[in-house]
Amino acid sequence: MDGAEVRDWRAEGKANGIPAPIAMLAELTHRCPLSCPYCSNPVELAQKSLELDTSDWVRVFQQAAELGVLQLHLSGGEPAARRDLVDLVKAARDAGLYTNLITSGIGLTERRLQELDAAGLDHIQLSLQGTDANMADRIGGYKGGFQRKMQVAEWIKDIGFPLTLNAVVHRQNLHQLPRAIEMALEMNARRIEVAIVQFHGWAMSNRDALMPTKEQAQEASRVVAEARDRLKGQLVLDYVPADYHADYPKRCMGGWGTTGLNVAPDGEVLPCHAAQTIKSLRFDNVRTKSLSEIWYRGSAFNAYRGDDWMQEPCRSCDRKKLDFGGCRCQAMALAGDPNATDPVCVKSPLHAELQMHTALLSRDKTAELTFRKQPSA
Amino acid sequence: MTDGLSPNSIPVIPRGVRLHWDHVREKWVLLAPERAVALDPIGHAIMTEIDGARSFGTITTALADKYGAPHEQVAADAGEFLRGLMNRRILEVA
C-alpha cells in the first residue's frame, strides 16, 4: 500500500480518538504438536490449507509497522510448525518490528535457532506446562516434550537470546510455581510470566479440571509477591491472577481496540484471541483489506471502543476507565451477553452465583482433562 | 543488586533492547522484551551516551557539560532513570 493512504487513516483515527496499536499477535498456524487442555486457540481451528502464505504475512508485517505496531509476537499453535519461520522473522525485522517468538520449543533445533538468530529474532518466550516430565508431558499431551524443551532452553542460553519463561498454572500444577521460578533463573531468563489459566477457548471446557482453589490463587499471589521482592533486578515477574477469584475484572487487552490486535492463521483480524466467540461480530481479513482500514474502520474493532456500548452497572461506575467493564468474551461466555458487566466483577448481578460455582469447580475430584485437537488439513 | 550503579559502573544496553524511532508517535522508544518504553528527550540523551565502554561517571560528566546543568543534579536524575531500567532488566552494568 502507499504511505499516503496509511496517514489518512491515522488522521481519521486521531480525530475519532483511536490510538495506533502497539502490539500485534500473529497466529501463524493453529497446528501444534502439543494439545494443552487450556489452549487459547478457538475451538474451531483454522485449517492448514487456509493459512496465509509467506508473502501474505510479509505484507501484513509491513502494514503493521506502518500502522504503528512496535512489538510483533509470532505465535500459534506452534509457530515453529511453519517451515518459513526464519524468513518470516527476517521480514518482520526488516519491517522494523521488535520480534518475539512464542513457542513450546518443539520443532526448534540448534541449527534452526542459529538461523533465527541470524535473521534477527529479538526475544523468545518459552512455555512451561510443568516443572518435571511427568506433569509437563501429561498436560502438554506430548511424551518426551519436557526433555526436548529443556534441550531447547540450553541452546537458547548458549546463543544468548533474551528469554521469558511462560508458566501457565492451574489447579493441577500450581504447587510447582516456586520450582518454575527457580527454573527461570537456571535458564538465565530475564522474565517469567506466571499466568493462571484464563478460561477461554479449550480451557472453557476444562474449567472443572483446571480451576484453582481460592487458597491456591492466594498462595500464587503470595509466592509472586515474595519472589518479586527477593529477585528485584534479577528476574522480572509478570503475573496474571485468577480472575474468577477476584473482586474486579481484568483490564482486558488494555482496552478493546486501543493497544493490540491479533491476526488469525487464515488472515482474520481480531481485537483479541477469543473474539470469535462473540457471534455478533464480523471480522475483516487481511486478504481483502489493509490492516489500517481494519484497525480504524472495522466493525469488530469499533464495537467496544469507548463506553457507548456499556450497560449498568458499568456505565455509571467510577472504575470504567480502569477495566472497561472487564472482558467482553468472558461476559459473552458467562452472562450470555457481550455487553454485560464481566461476571467476575463484584458489581455484576451474577457475581455471587459465579463465586459459588467457581468454588464447586475447584473442588471437583473426578474431572478429567479434555485435550485440544489438531486442525484439519 | 540494582543499587549497584556507582560512578565506576559501566552501563550496558543488553541484547534484546534497542532504541527505535517511532515514526507514528514521533518519539524515541526503547524496545525490550514485552515492553516499549517511551523516552523523553532527556531519557533519549542519556541512552545515546551509553556505549558499553564508558562509565556512569563519565557519562554524567559529559551530559552536564553538554547541557550546562549541575553535575550532581544530572547524576541523580540519570541514576534514578537507569536504576528503573535495571529493575526491569532493560539495562545491565558491567
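A, B, ... follow the sequence lines: proteins, then strands. Residue 1 opens every chain.
Heavy atoms only, all atoms of each residue included: A:Gln71 and B:Leu31 are closest at NE2-CD2, 4.4 Å. Of all non-hydrogen atoms in A:Val236 and B:Asn87, the two that sit nearest each other are CG2-O, 3.9 Å. A:Ile159 and B:Arg15 get closest at one heavy-atom pair: O-NH1, 3.1 Å.
When B:Arg88, B:Glu34, B:Arg35 are compared by the number of non-hydrogen pairs under 4.5 Å with chain A, B:Glu34 comes out ahead. Of the listed residues (A:His73, A:Glu193, A:Arg93), the one with the most heavy-atom contacts under 4.5 Å to chain B is A:Arg93. Most heavy-atom pairs under 4.5 Å with chain B: of the set A:Leu231, A:Ile124, A:Ile22, this distinction falls to A:Ile22.
More than 12 heavy atoms of other shown residues, nucleotides or ligands fall within 6.0 angstrom of atom CZ in A:Arg112. The neighbour count for A:Arg111 CZ, taken as heavy atoms of other residues, nucleotides or ligands under 6.0 Å away, does not exceed 12. Within 6.0 Å of NZ in A:Lys157 there are more than 12 heavy atoms belonging to other residues, nucleotides or ligands.
Heavy-atom distances place both the backbone and the side chain of A:Arg190 under 4.5 Å from chain B. If you measure heavy-atom distances from A:Leu237 to chain B, you find no contacts under 4.5 Å at all. For A:Ala65, the part sitting under 4.5 Å from any heavy atom of chain B is the backbone (N, CA, C, O) and nothing else. At a 4.5 Å heavy-atom cutoff, the contact between A:Leu121 and chain B is made by backbone atoms alone. For A:Asp122, the parts lying under 4.5 angstrom from a heavy atom of chain B are both the backbone and the side chain.
Looking only at distances, a side-chain donor or acceptor of B:Arg89 sits under 3.5 Å from a matching main-chain atom of A:Gln234.
Among the residues in residues 16-28 of chain B, those with a non-hydrogen atom closer than 4.5 angstrom to a non-hydrogen atom of chain A are B:Gly16, B:Val17, B:Arg18, B:His20, B:Asp22, B:His23, B:Val24, B:Arg25.
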